[in-house]
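See structure below.
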Amino acid sequence: MSGNAKIRSVPVLPTAMPRPILATVHTSAFRNNLDVARRAAPDARVWAVVKANAYGHGIERVFEGLRGADGFALLDLDEAQRVRDLGWRGPILLLEGVFEQRDLEVCSRLDLWHAVHCDAQIDMLAAHKTNVPQRVFLKMNSGMNRLGFTPGRYRSAWARLNALPQVDEISLMTHFSDADGPRGVAAQMAVFAAATRDLPGERTLSNSAATLRHTVDPDQAAAHPEALVVSDWVRPGIAIYGSAPDYPEHSAAHWGLQPTMTLAAKIIAMQAIDTGACVGYGSQFVAEQPTRVGVVACGYADGYPRICPTGTPVLVDGVRTRTLGRVSMDMLAVDLTPVPEAGPGSEVTLWGRAANGAWLSIDEVAASAQTVGYELMCALAPRVPVVVAA
Ligand SMILES: *Cc1c(COP(=O)(O)O)cnc(C)c1O
């Protein structure tokens, strides 16, 4: 605001030719993925988790596709303000609660629900001057050992909150460390269930992995004592962004999820190299046969991981091929062998959807970078232009 006032005149430049790289946010994929979460937990309400600027997509860009959610869960007060600015009047949950006393004033002003995971947050509430009591989500550390009260201290925290005039409804919350893996959720579920047995209030337990993998029909509950049948709210994040929470055990396609982000660029140069010739810094790729190499306008400064080795999957004109050699700051190289027609100007899909309808899951690229889809989405660089598609 005051920053703009200082800029007296902005020279009008002719529109520069954009560099041929573009990210696309797919609104219809959000609707599809939200439906997948709803079908997995039909009795629960759904928090769409939009922390980290909607996992790198941009809160304003994902809002249309997610307005069918029952609430938005995030971390930052600034992000909460942005969701309210979009006209959202429903629930917003601060997943880590407040960080300092004055944050509670913002909670009152924006009508935010907030997690309470430590005594200091209860102290702040006790000191908060308000006529409108606030809804809180009391967090239990049921074994992940990140945030929350231990089971032994949970009830006294509940009692303390319950005695405060500043507090309205108290909901109960925990978070799973292993919902995506072989350890599962049974042990943490048992801890949570035992410590909350006779406490009133709504429950929220499940992230994407727990929602997709550990929710069953109430009729089948007896056969699945580990299943999460008592969950009033689920908290899917990554699934909503079209990435499988348990890749590679299951793919996004297995869960019926669609990619919400496409990162695409174009080939800007081509090299025809002989056997024995190398590609890129450090000569990490050595051709074993004459090879046509496409040079792509995407590098690690765009958020494409530098660690991706030769062989990372990529689509050229919607045809699957591989990267060659090291990723550089602004470019990377691809093997054009499976796409003999391709050349400068051809479409390269780093992840997401190609124009011909083919998909490359961000999870495959993430695996090649020894990480998860979450990190790649969040790391999309600000220099990449982004458009929103239907
Ligand atoms: C990030 C987060 C989620 C969403 O997790 P996903 O694995 O992306 O589904 C849910 N709950 C809490 C407390 C979180 O911090």
Side-chain angles (χ1 to χ4, degrees), residues 29-30 33-38 40-41 44-57 59 62 66 69-76 79-80 83 91-99 112-118 121 136-149 171-181 183-185 188-189 192 202-215 228 231-247 249-250 252 255-257 259-261 361-363 366 371-379:
F30 281 105
N33 300 342
L34 196 56
D35 273 358
V36 169
R38 278 203 192 284
R45 274 163 288 161
V46 177
W47 291 113
V49 178
V50 295
K51 63 192 181 190
N53 198 23
Y55 288 42
H57 290 63
I59 285 177
V62 306
L66 291 178
D70 300 296
F72 288 91
L74 40 73
L75 302 185
D76 240 73
E79 291 183 343
V83 174
I92 296 179
L93 173 62
L94 297 179
L95 289 165
E96 292 178 7
V98 297
F99 299 95
L112 308 180
W113 301 356
H114 49 100
V116 171
H117 67 79
C118 64
Q121 288 176 326
V136 296
F137 282 66
L138 181 61
K139 180 119 183 216
M140 184 189 297
N141 170 13
S142 57
M144 184 166 182
N145 291 312
R146 200 171 60 173
L147 294 183
F149 293 90
S171 301
L172 316 182
M173 175 177 183
T174 195
H175 192 57
F176 297 119
S177 57
D178 288 79
D180 56 331
R183 289 172 73 110
V185 300
Q188 283 185 262
M189 267 302 287
F192 181 81
E202 294 188 335
R203 269 76 170 155
T204 177
L205 304 113
S206 303
N207 59 2
S208 297
T211 303
L212 295 179
R213 290 166 64 95
H214 301 286
T215 313
L228 307 178
S231 200
D232 300 290
W233 293 85
V234 291
R235 307 189 303 269
I238 196 66
I240 280 186
Y241 301 93
S243 174
D246 56 355
Y247 185 85
E249 186 182 342
H250 295 115
W255 294 118
L257 301 168
T260 56
M261 180 194 285
S361 169
I362 197 168
D363 297 329
T371 184
V372 286
Y374 301 74
E375 189 177 1
L376 267 53
M377 297 173 185
C378 291

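Every heavy atom of this structure was used, including side-chain atoms; hydrogens, water molecules and symmetry mates were not. Whatever order the structure lists ligands and atoms in, that order sets their numbers, starting from 1.
- There is no side-chain donor-acceptor pair under 3.5 Å between E202 and S171.
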Exercise. Stepwise, does the side-chain contact (heavy atoms from CB on, under 4.5 Å) test hold for R213 with D246?
Worked result: CA-CA 9 Å; R213 290 166 64 95; D246 56 355; 2.7 Å; yes

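- When heavy-atom distances to ligand 1 are checked against 4.0 Å, the residues falling inside are V49, K51, Y55, L95, H175, N207, S208, R235, P236, G237, I238, Y374, ordered by chain and number.
- For H117 (side chain) and G97 (main-chain N/O), no donor-acceptor pair under 3.5 Å exists by modelled atom type.
- Looking at F149 and N141, their side chains never come closer than 4.5 Å, going by heavy atoms from C-beta outward.
- Checking R235 against T204 by side-chain atom types alone, a donor-acceptor pair falls below 3.5 Å.
- Two rings, from H57 and F30, have their centers less than 6.0 Å apart.
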